[in-house]
Number of protein chains: 2
Amino acid sequence: MASKVKKRTLINDIASHLQVSIATVSLVLNGKAKQSRISDAVAQRVLAYVEEVGYKPNQLAKSLRTGKTHVIGLVVEDISNPFFATVAWLIEKQAFERGYRIIYCSTDNDPAKTRELISMFQERHVDGFIIVPSEGIEKEVGAILREHTPTVLFDRLLPALPTNYVVVDGAQGTYAAAGHLLEQGYRHIAFVTTDSQQTQMEERLRGYTRALHEHNLTPLVKRVTVTKETEKLVADIQEFIQHTTPCDAIIFATNYLTIYGLEAINHLQRRIPADLAIISYDDHDLFRLYSPAITAIAQPVESIAKNVIDILLQELQHPTEPVAEPAYQVVLPTELLIRCSSLRQGRQPE
Amino acid sequence: MASKVKKRTLINDIASHLQVSIATVSLVLNGKAKQSRISDAVAQRVLAYVEEVGYKPNQLAKSLRTGKTHVIGLVVEDISNPFFATVAWLIEKQAFERGYRIIYCSTDNDPAKTRELISMFQERHVDGFIIVPSEGIEKEVGAILREHTPTVLFDRLLPALPTNYVVVDGAQGTYAAAGHLLEQGYRHIAFVTTDSQQTQMEERLRGYTRALHEHNLTPLVKRVTVTKETEKLVADIQEFIQHTTPCDAIIFATNYLTIYGLEAINHLQRRIPADLAIISYDDHDLFRLYSPAITAIAQPVESIAKNVIDILLQELQHPTEPVAEPAYQVVLPTELLIRCSSLRQGRQPE
DNA sequence: ATGAAAGCGCTAACAA
DNA sequence: TTGTTAGCGCTTTCAT
């Protein structure tokens, strides 16, 4: 032994120093002094000494023993997307206050990576899951459910699975957005979405389509193939805009599609909203700042986070009997934030 | 017992099913079959059965026994900042490939929260730390060092502590930026920074100041108080711009300061770069997209991530003797990405 | 080449 | 009221 490493304090050290048994120490530390009728005097001495030496129980050992880690696994699509970052942050904050820790990871919407992450979280024995499910992971989520690990999905759901979830009424959002554009006099409204079949994307498309049909207009839908090569995405959108005539307005189905769309529109030198009106599903700091400011269908991030964590903690504390019908399925409304990008020339928001 | 929960497979189940001892199973699973001279036949049978039933060792028990968790704690200032998000993502990717998991948390630059997070990571027995230190946590980091837990700081360092670190030469970055503005003929160049005393912020200020002094110009420095209320920040910058005359160029010391600055400039209806040239320390997707595109002092994110993880894994695998001089202290260069916001009218980048 | 057994640090049932 | 002790699931030494 080259250098003597300072040994960490153990529960044993506490007990022997104080001349009490380790059970006493453990009980006091876990707030069970009263119910085990340990004298206040002893309890005080234990607490004081623990504080003094800064003793921290080994969570690994504790978790192994109790089967509880007080850790929640949060699996989102992309933690660098402001929407997920904000929701994750709010969830973390509230969970922390109630004694739970969050560990999060991004799936990049890749089913294989999602599977790997779920598996890793299971190995680490998370007490519960919060998942933004990518396509094709019904089996894995089903397995979690079967083990009765409390789980809440958000942003989108898996129709085949009876789970708790918190989602947003995207159809209502795009329906309102299209309605707003129609009211402004736009008639050739396109919708740019991804090639994903996920529920939230299909809902957004549905709201748009319904609005157009009600006005006897033909939907103009572009499904972009999602890829890491952003240049390809931009080029794809650019080509769509160029070849779609007439087209005087576009609703983008996600905030990043809007960003690529703005780049495409810049390349084409079209003016917003003079040549082309723009609305983004999901807001972004950039949209407030952009000139002109971009109209957005905002999602209620605080409410999403609050519902998700409330449901999960409820399940964690009072596990529901595994019945066919999950107890909590929440659908929240969006809010249309009208800014300059969707207004006829000369008009002002509000 | 209302419902029988399907028991998870244990190493015991594997051993007894295969009629071998648990030691054999463990050895095979940990790749020590050869060195323990276990027959290939047995090893194969074990592997096959483990695969078949999908057995996963309990990491909690494993870690408790070995003292290794194969988890690295990553403590950054704000995971929703694209700079940290990108570096974190790159670090995670490389760590994952080498069998390590990352758990990350944001400090919001709050020393109390930082302490809490470090403490939580220690309780969870992370094998190593990657830390973006907020001010006033020398004591905590010192304690980690004393326990010989491998640690790397990045983005900024703690001058009082002999640690491994990976930082960027911010002074060189702002010096070059100021030089570029001077070359473009700007003479009244301001510098907007925060009230933080952290090394990276001081370095950035130093580079700017040196450039101006070399040209016998007076530095115009604004230190903004960082706050959650973004309106206050914007108003603060706006007031500074309004009351600083003459002023024909500004270097912002962080990307978010630039974003607030742009909002302030919009309010004031100043044109970029006709009325005011702009350069941002640290790039951002938005800056490429903005009209006009914003010149930025870009940090080498890939290189930062690679250096950080290489150093940490090196220490994890071959712990250096705790000597006074830490082995790895890396300073990386920045790159000035010249875009339209810093060019005299009519000129084009490149 | 394989098995028995001693812990890692903690909790909680049971004894005293 | 407090102490003793049997595990939680795994790794690894040592004996066979």
Side-chain angles (χ1 to χ4, degrees), chain A residues 5-47 49-50 53-71 122-127, chain B residues 5 7-47 49-50 53-71 122-127 147:
Chain A
V5 178
K6 195 167 74 192
K7 279 288 292 175
R8 199 189 244 271
T9 309
L10 303 182
I11 196 169
N12 247 323
D13 306 331
I14 305 285
S16 59
H17 176 92
L18 256 31
Q19 310 269 51
V20 300
S21 91
I22 60 170
T24 307
V25 179
S26 173
L27 259 6
V28 170
L29 252 29
N30 290 297
K32 300 190 177 157
K34 276 268 125 47
Q35 82 183 55
S36 305
R37 286 169 302 184
I38 289 170
S39 70
D40 279 4
V42 172
Q44 287 310 320
R45 277 175 56 222
V46 171
L47 259 11
Y49 188 66
V50 161
V53 299
Y55 165 72
K56 296 273 191 341
N58 181 330
Q59 295 297 327
L60 249 31
K62 192 164 178 163
S63 294
L64 178 60
R65 183 59 236 238
T66 62
K68 300 260 151 282
T69 54
H70 283 259
V71 172
Q122 284 180 313
E123 283 171 34
R124 304 226 163 270
H125 292 252
V126 296
D127 287 351
Chain B
V5 178
K7 280 288 292 175
R8 200 188 243 270
T9 308
L10 302 182
I11 196 169
N12 244 322
D13 305 332
I14 305 283
S16 60
H17 177 93
L18 258 30
Q19 310 268 50
V20 299
S21 92
I22 62 169
T24 307
V25 177
S26 175
L27 260 6
V28 170
L29 252 28
N30 290 299
K32 299 189 177 160
K34 276 267 124 48
Q35 81 184 56
S36 307
R37 285 170 301 188
I38 287 170
S39 70
D40 280 5
V42 172
Q44 286 311 319
R45 277 174 60 221
V46 171
L47 259 11
Y49 187 66
V50 161
V53 300
Y55 164 72
K56 298 271 194 322
N58 181 331
Q59 295 297 327
L60 248 31
K62 192 165 178 163
S63 294
L64 178 60
R65 184 59 239 243
T66 60
K68 299 260 150 285
T69 54
H70 282 256
V71 172
Q122 284 179 312
E123 283 172 32
R124 304 224 163 273
H125 292 249
V126 296
D127 287 351
E147 292 190 350

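Within every chain, numbering begins at 1; the chains are lettered A, B, ... in the order of the sequence lines, protein sequences first and strands thereafter.
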Return yes if some donor-acceptor pair links the side-chain N/O of A:R45 with the main-chain N/O of A:L18 below 3.5 Å, else return no.
yes
Between C:dG9 atom P and B:E123 atom CD, what is the distance in whole Å?
16 Å
Which part of the nucleic acid, if any, lies within reach of A:S63 when heavy atoms closer than 4.0 Å are counted: base, sugar-phosphate only, or nothing?
nothing
With sequence neighbours excluded, residues passing side-chain hydrogen bond (donor to acceptor under 3.5 Å, both in side chains) with B:S21
B:T24
Quick one: A:H70 NE2 to C:dC10 C1', roughly how many Å, whole number?
14 Å
For A:T24 and D:dT1, is the shortest distance between a side-chain N/O and OP1 or OP2 below 4.0 Å?
no
Roughly, in whole Å, what's the span from CD1 in B:I38 to P in C:dG3?
9 Å
Residues forming a salt bridge (Lys or Arg N to Asp or Glu O under 4.0 Å) with A:K32, sequence neighbours excluded:
none
Determine which pairs satisfy ring pair (Phe, Tyr, Trp, His ring centres under 6.0 Å) with at least one residue from residues 12-43 of chain A, sequence neighbours left out, and list them in order.
A:H17-A:Y49
Is there a donor-acceptor pair under 3.5 Å between the side chain of A:S26 and the backbone N or O of A:I22?
no
How many Å lie between CZ on A:R37 and C1' on D:dT2, as a whole number?
11 Å
Give a yes or no answer on whether the side chain of A:D13 reaches the backbone of A:L10 with a donor-acceptor pair at less than 3.5 Å.
yes
Where protein sits on nucleotides 11-16 of chain C, one letter per nucleotide: B base, S sugar-phosphate only, - none, heavy atoms under 4.0 Å:
BB----
Once you round it to whole Å, what is the distance between P of D:dC10 and CG of B:L60?
11 Å
According to side-chain hydrogen bond (donor to acceptor under 3.5 Å, both in side chains), who are the partners of B:Y55, at least two apart in sequence or on a separate chain?
none
One would report the end-axis bend of the helix from C:dA1-D:dT16 to C:dA16-D:dT1, five pairs per end and rounded to 10 degrees, as 50°
Roughly, in whole Å, what's the span from CD in B:Q59 to C1' in D:dC8?
15 Å
In whole angstroms, the gap separating P of D:dT11 from CG of B:L10 amounts to 12 Å
Can you tell me how far CG of A:N58 sits from CD1 of A:I11, rounded to the nearest 0.5 angstrom?
11.0 Å
Looking at B:D40 and B:K34, does any basic side-chain N land under 4.0 Å from a carboxylate oxygen?
yes
Can you tell me the distance, in whole Å, between the CG atom of A:N12 and the C1' atom of D:dG3?
13 Å
